[in-house]
Amino acid sequence: MPSPSTSDKKLTGIIPPITMPFDADGNLVAGAIAEQVDFMIEQGVDGMVAGGSTGEGHTLNDADFTASMKAVHDAIDGRVPFLAGLIINSTRSAIERARMLKGLNIAAMQVTPVHYLFKPSEDATVQHFRTIWEETGIPIIIYNVVPWNYLSSDLMLRIMEEVPGVIGMKQSAGDLKLVSDLLHRLKPENIVLTGTDALLYPAFSLGVHGAISALTSAVPAVTVKLWNLVQSGDHKAALDLHYRLADLWDVLPHDNLPACVKYCQHRQGLPLHLPRAPMPPVGDSQKGRINEALEALLA
């Protein structure tokens, strides 16, 4: 059986999900990824994820997945840890995707539970992650985001106990009690990351190990600042920044959130790329609200 990678010790702090640049025909513009990666590193982030929800990973076919992973990996060039996102519906699909990562330096895979209508049993869920680990040898972060297959703290702790390659989880529903329960009962070598944008500050204060979320991609420097304020114990300044971030979050509608994140990045100097249809791009009224919130936040 493979041994867990030591790279998991580096998976802390702000780890933004890379957005995928698409053109008007829905084609991946892989050549535009490097500029975004450089932007993120300049903002002080601690790692990056490709293929997650903000990166529209659910829309990527095998060719897109392979091209985007290589583009992000090569652009990072070892400067920060790189996580590969797998949004999959079967054990076999996860393994097939993981094998497309051959030759890349992957710190971990961010893997969803299966997300179609049918929910596996707890035993089957444990076996799902065990098989992925045993077949790939790549450390796994569970991406706990699927509402109808929402893994309990007991189940996630069981998976980490029985599958040493599952090194942690990203908790994406707004459940601070679950986050607290995980942190209270977690083994020292495991990690909890938050993906709940509205609750970054309280999650940081509870002691999560970092964040992978839309806001970390939309305004990476601001979320890095929030993280650093909490780590230094300056909760007064952190709480003020939390409320200013909340004003931006409140004008980013969930249904086209990746498009909104791309627009926020564009307002900070990156080219504006489109979401993949049928997701709509940011409309004029959305732009006005986002511009106002961004100007207040970045002033």
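Model, not experiment: these values are computed from the prediction.
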Task: side chain to side chain contact (heavy atoms under 4.5 Å, CB included) partners for Ala50, two or more places apart - done: Met20, Met69, Val72, Phe82
- [ ] State plainly whether one hydrophobic cluster holds both Leu294 and Leu252, where clusters connect Ile, Leu, Val, Met, Phe, Trp and Tyr through side-chain heavy atoms under 4.5 angstrom apart.
- [x] yes
Task: Side-chain touch Tyr263/Lys287, heavy atoms, less than 4.5 angstrom - done: yes
- [ ] Go through the steps to decide whether Leu248 and Leu215 satisfy the test side-chain contact (heavy atoms from CB on, under 4.5 Å), and finish with yes or no.
- [x] CA-CA 9 Å; Leu248 174 61; Leu215 282 178; 3.9 Å; yes
- [ ] Could you tell me whether the side chain of Asp25 and the main chain of Asn27 form a donor-acceptor pair under 3.5 Å?
- [x] no
- [ ] Could you tell me whether the side chain of Leu28 reaches within less than 4.5 Å of the side chain of Phe22, counting heavy atoms only?
- [x] yes
Task: Pro280 side chain reached by Pro275 side chain, heavy atoms, under 4.5 Å - done: no
Open item on the list: Just verifying a value: how many Å separate Leu206 CG and Thr194 OG1, rounded to the nearest 0.5 Å?
Closed with: 9.5 Å
TODO: Could you grab the distance from atom CG of Asp240 to atom CG of Leu245, nearest 0.5 Å is fine?
DONE: 10.0 Å
- [ ] Ignoring hydrogens and angles, tell me if any N or O in the side chain of His73 forms a donor-acceptor pair with the backbone of Asn105 under 3.5 Å.
- [x] yes
Task: Polar side-chain atom of Asp234 near backbone of Ala237 as donor-acceptor pair, under 3.5 Å - done: yes
Task: N/O donor-acceptor pair under 3.5 Å between Asn144 side chain and Leu151 backbone - done: yes
Task: Test item: Ser180 side-chain N/O and Leu176 main-chain N/O as donor-acceptor pair under 3.5 Å - done: no
Open item on the list: Within a 6.0 Å radius of atom CD on Glu292, are there more than 12 heavy atoms belonging to other residues, nucleotides or ligands?
Closed with: no
Task: Same apolar cluster (I L V M F W Y, side chains within < 4.5 Å links), Met169/Ile138 - done: yes
Open item on the list: Quick test of your reading of the model: are Arg185 and Asp154 salt-bridged, counting only N-O distances below 4.0 Å?
Closed with: yes
TODO: Taking all non-hydrogen atoms of both residues into account, name the closest pair between Leu186 and His209 and its distance.
DONE: CD2-CE1, 3.8 Å
- [ ] Decide whether Phe65 and Ile33 are clustered together by the hydrophobic rule: side chain heavy atoms of Ile, Leu, Val, Met, Phe, Trp, Tyr closer than 4.5 Å, transitively.
- [x] yes
Open item on the list: Given 3.5 Å as the limit, does a donor-acceptor pair link the side chain of Thr216 with the main chain of Ile212, or not?
Closed with: no
Task: Residue pair Val192 / Met156, side-chain heavy-atom distance below 4.5 Å - done: no
Open item on the list: Using 0.5 Å steps for rounding, measure from the CG atom of Leu241 to the CG atom of Leu229.
Closed with: 6.5 Å
Open item on the list: Rounded at 0.5 Å granularity, tell me how far CD in Gln110 sits from CG in Leu193.
Closed with: 8.5 Å
Task: Under 3.5 Å donor-acceptor, Arg130 side chain and Val163 backbone - done: no
- [ ] Give the intermediate values and the outcome of side-chain contact (heavy atoms from CB on, under 4.5 Å) for residues Ile159 and Leu155.
- [x] CA-CA 6 Å; Ile159 295 169; Leu155 179 53; 4.1 Å; yes
TODO: Determine, step by step, whether Val222 and Gln43 satisfy the side-chain contact (heavy atoms from CB on, under 4.5 Å) criterion, reporting the C-alpha distance in whole Å, the side-chain angles of both residues, the deciding distance to 0.1 Å, and the verdict.
DONE: CA-CA 9 Å; Val222 179; Gln43 306 307 299; over 6 Å; no
Open item on the list: Rounded to the nearest 0.5 Å, what separates atom CZ in Arg79 from atom CE in Met48?
Closed with: 7.0 Å
TODO: Give every residue pair that meets the ring pair (Phe, Tyr, Trp, His ring centres under 6.0 Å) criterion with at least one member in residues 237-259, sequence neighbours excluded.
DONE: Tyr201-His242
Task: Heavy-atom pair with the smallest gap, counting every atom of Val166 and Asn190 - done: O-ND2, 3.8 Å
Task: Donor on one side chain, acceptor on other, Ser217 and Gln265, under 3.5 Å - done: yes
Open item on the list: I need the minimum non-hydrogen distance between Gly47 and Pro16, along with the two atoms involved.
Closed with: O-CD, 3.1 Å
Task: Beyond-backbone contact of Arg92 with Ile95, side-chain heavy atoms, under 4.5 angstrom - done: no
Open item on the list: Do the side chains of Arg158 and Asp123 get close enough for a salt bridge, i.e. N-O under 4.0 angstrom?
Closed with: yes
TODO: Please tell me if the side chains of Leu60 and Arg276 come closer than 4.5 Å, counting only heavy atoms from C-beta onward.
DONE: yes
TODO: Report the distance from atom CD of Gln171 to atom CG of Leu182, rounding to the nearest 0.5 Å.
DONE: 6.5 Å
Task: Heavy-atom side-chain proximity of Ile141 to Ile191 below 4.5 angstrom - done: yes
Task: Ser93: side chain to side chain donor-acceptor pair (under 3.5 Å) partners, not counting sequence neighbours - done: Ser90
Task: Closest non-hydrogen atom pair, Ala108 against Ile167 - done: CB-CD1, 4.3 Å
Task: Sidechain-backbone polar pair: Gln268 side chain, Cys264 backbone, donor-acceptor under 3.5 Å - done: yes
TODO: For residues Tyr150 and Ala173, report the shortest heavy-atom separation together with the two atoms involved.
DONE: CE1-CB, 3.5 Å
Open item on the list: Salt bridge or not between Asp181 and Lys177? Use side-chain N to carboxylate O under 4.0 Å.
Closed with: yes
Open item on the list: Please say yes or no: joined through hydrophobic side-chain contacts below 4.5 Å, possibly via intermediate residues, are Val261 and Leu298 part of one cluster?
Closed with: yes
- [ ] Answer yes or no: is there a donor N or O on one side and an acceptor on the other, between the side chain of Lys187 and the main chain of Glu161, under 3.5 Å?
- [x] no
Task: same_hphob_cluster(Leu183, Leu178) at 4.5 Å side-chain heavy-atom cutoff - done: yes
TODO: Starting from the C-alpha separation in whole Å, work towards a yes-or-no answer on side-chain contact (heavy atoms from CB on, under 4.5 Å) for Asp46 and Val80.
DONE: CA-CA 6 Å; Asp46 301 292; Val80 295; 6.0 Å; no
- [ ] Determine, step by step, whether His128 and Thr91 satisfy the side chain to side chain donor-acceptor pair (under 3.5 Å) criterion, reporting the C-alpha distance in whole Å, the side-chain angles of both residues, the deciding distance to 0.1 Å, and the verdict.
- [x] CA-CA 6 Å; His128 171 68; Thr91 309; 2.7 Å; yes
- [ ] For the residue pair Gln286 and Arg289, confirm or rule out a side-chain donor-acceptor distance under 3.5 Å.
- [x] no
Open item on the list: Counting C-beta onward and ignoring hydrogens, is there a side-chain heavy-atom pair between Val111 and Ile88 closer than 4.5 Å?
Closed with: yes
Open item on the list: Test your reading of the model: is there a side-chain donor-acceptor pair from Asn89 to the backbone of Tyr116, 3.5 Å cut-off?
Closed with: yes
Open item on the list: How close do Tyr143 and Ser172 get, counting heavy atoms only, and between which atoms?
Closed with: CE1-OG, 3.2 Å
